[in-house]
Asker: 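Could you have a look at this structure, given as structure tokens, before my questions?
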Amino acid sequence: MTPKTVEIGGRLWPVCFSLYCLEAVPDIMGVMQRSADAANMTGGDMRTMLEFVHSLIVSGCEFCNTWHAKPDGVEFDENGRIQPLSKKAFLLATQDMDDLSAILEVVQEVVAKNGGKRINAVPVRTNSKKKKRRR
């Protein structure tokens with residue numbers, strides 16, 4: 001799997017949806033349901049969405065570093081790793097952006113693609129009575 005990319009600050013960054021993203025921004029699903037368009041977002045919703053996008057970038061960088069994925073156009077250091085933007089640098093880079101709709105399209109696409117995956121696990125049954133060992 002090759003992560004999607006989003007351009008921020010003149011550079012492409014990988015984005016990947018994971019449980020880390022939901023833990024980092026627990027109220028994101030409510031924000032996404034309320035406003036699908038950047039023009040309709042309130043200030044608080046926009047801040048929450050930007051924090052979510054940052055968590056997608058952090059998750060995407062970790063995915064690339066762990067699984068050695070190399071999305072086209074993403075810059076890696078001499079060790080083949082990518083360091084995510086700090087939250088402060090990310091918020092400063094997005095502050096000057098006039099149109100966040102391209103970023104929101106990528107976010108919706110990544111969440112729709114990866115949000116439907118489920119983990120099918122079966123609980124392990126344990127016997128409450130310990131079996132006696134025969135000698």
Asker: Between T5 and W13 (side chain of the first, backbone of the second, donor and acceptor by atom type, cut-off under 3.5 Å), is there such a pair?
Answerer: no
Asker: Between CG of L12 and CD1 of I82, what distance do you get to the nearest 0.5 Å?
Answerer: 9.0 Å
Asker: Provide the closest heavy-atom pair for C61 versus P14 in the form atom of the first, atom of the second, distance.
Answerer: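 Closest heavy-atom pair between C61 and P14: N-CG, 3.9 Å.
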Asker: Rounded to the nearest 0.5 Å, what separates atom CG in L50 from atom CZ in F90?
Answerer: 5.0 Å
Asker: Sequence neighbours left out, what pairs pass salt bridge (charged side-chain N to carboxylate O under 4.0 Å, His left out) with at least one residue falling in residues 1-26?
Answerer: K4-E109, R11-E75
Asker: Taking salt bridge (charged side-chain N to carboxylate O under 4.0 Å, His left out) as the cut-off, I'd like each qualifying pair that reaches into residues 50-66, sequence neighbours left out, listed once.
Answerer: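 For residues 50-66: R47-E51.
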Asker: Kindly work out whether a path of hydrophobic side-chain contacts (I/L/V/M/F/W/Y, heavy atoms less than 4.5 Å apart) joins M46 to L91.
Answerer: yes
Asker: Hey, is the main chain of L85 close enough, under 3.5 Å, to the side chain of H54 for a donor-acceptor pair?
Answerer: yes
Asker: Set out, in order, the CA-CA distance, both residues' side-chain angles and the distance that settles side chain to side chain contact (heavy atoms under 4.5 Å, CB included) for R81 and F76, then state yes or no.
Answerer: CA-CA 5 Å; R81 297 182 61 80; F76 292 86; 5.6 Å; no
Asker: Quick one: NZ on K87 to CG on L92, what's the gap to the nearest 0.5 Å?
Answerer: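 Output value for this atom pair is 13.0 Å.
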Asker: Within a radius of less than 6.0 Å around CG of D77, do more than 12 heavy atoms belonging to other residues, nucleotides or ligands occur?
Answerer: yes
Asker: Which heavy atom in G80 sits nearest to a heavy atom in N65, and how many Å separate them?
Answerer: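 Shortest heavy-atom separation between G80 and N65 comes out as O-OD1, 4.4 Å.
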Asker: Are any of the side-chain heavy atoms of F52 and C21 separated by less than 4.5 Å?
Answerer: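 In short, these two side chains touch, coming nearer than 4.5 Å.
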Asker: Who pairs with A69 by side-chain contact (heavy atoms from CB on, under 4.5 Å), at least two apart in sequence or on another chain?
Answerer: P3, F63, C64
Asker: Among residues at least two apart in sequence or on other chains, which ones pass side chain to side chain donor-acceptor pair (under 3.5 Å) with T2?
Answerer: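 Side chain to side chain donor-acceptor pair (under 3.5 Å) list for T2, sorted by chain: empty.
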Asker: Considering residues at least two apart in sequence or located in another chain, which fulfil the side chain to side chain donor-acceptor pair (under 3.5 Å) criterion with S55?
Answerer: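 Counting only residues at least two positions away or on another chain, S55 forms no side chain to side chain donor-acceptor pair (under 3.5 Å).
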Asker: For I57 and I8, run side chain to side chain contact (heavy atoms under 4.5 Å, CB included): C-alpha distance rounded to whole Å, both residues' side-chain angles, the deciding distance at 0.1 Å, then the answer.
Answerer: CA-CA 10 Å; I57 290 172; I8 295 173; 3.6 Å; yes
Asker: Using the side chain to side chain contact (heavy atoms under 4.5 Å, CB included) rule, pick out the option among V107, V58, V106 that qualifies with V53.
Answerer: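 That would be V107.
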Asker: Applying side-chain contact (heavy atoms from CB on, under 4.5 Å), name anything that partners T48, two or more places apart in sequence or on another chain.
Answerer: V25, D27, I28, V31
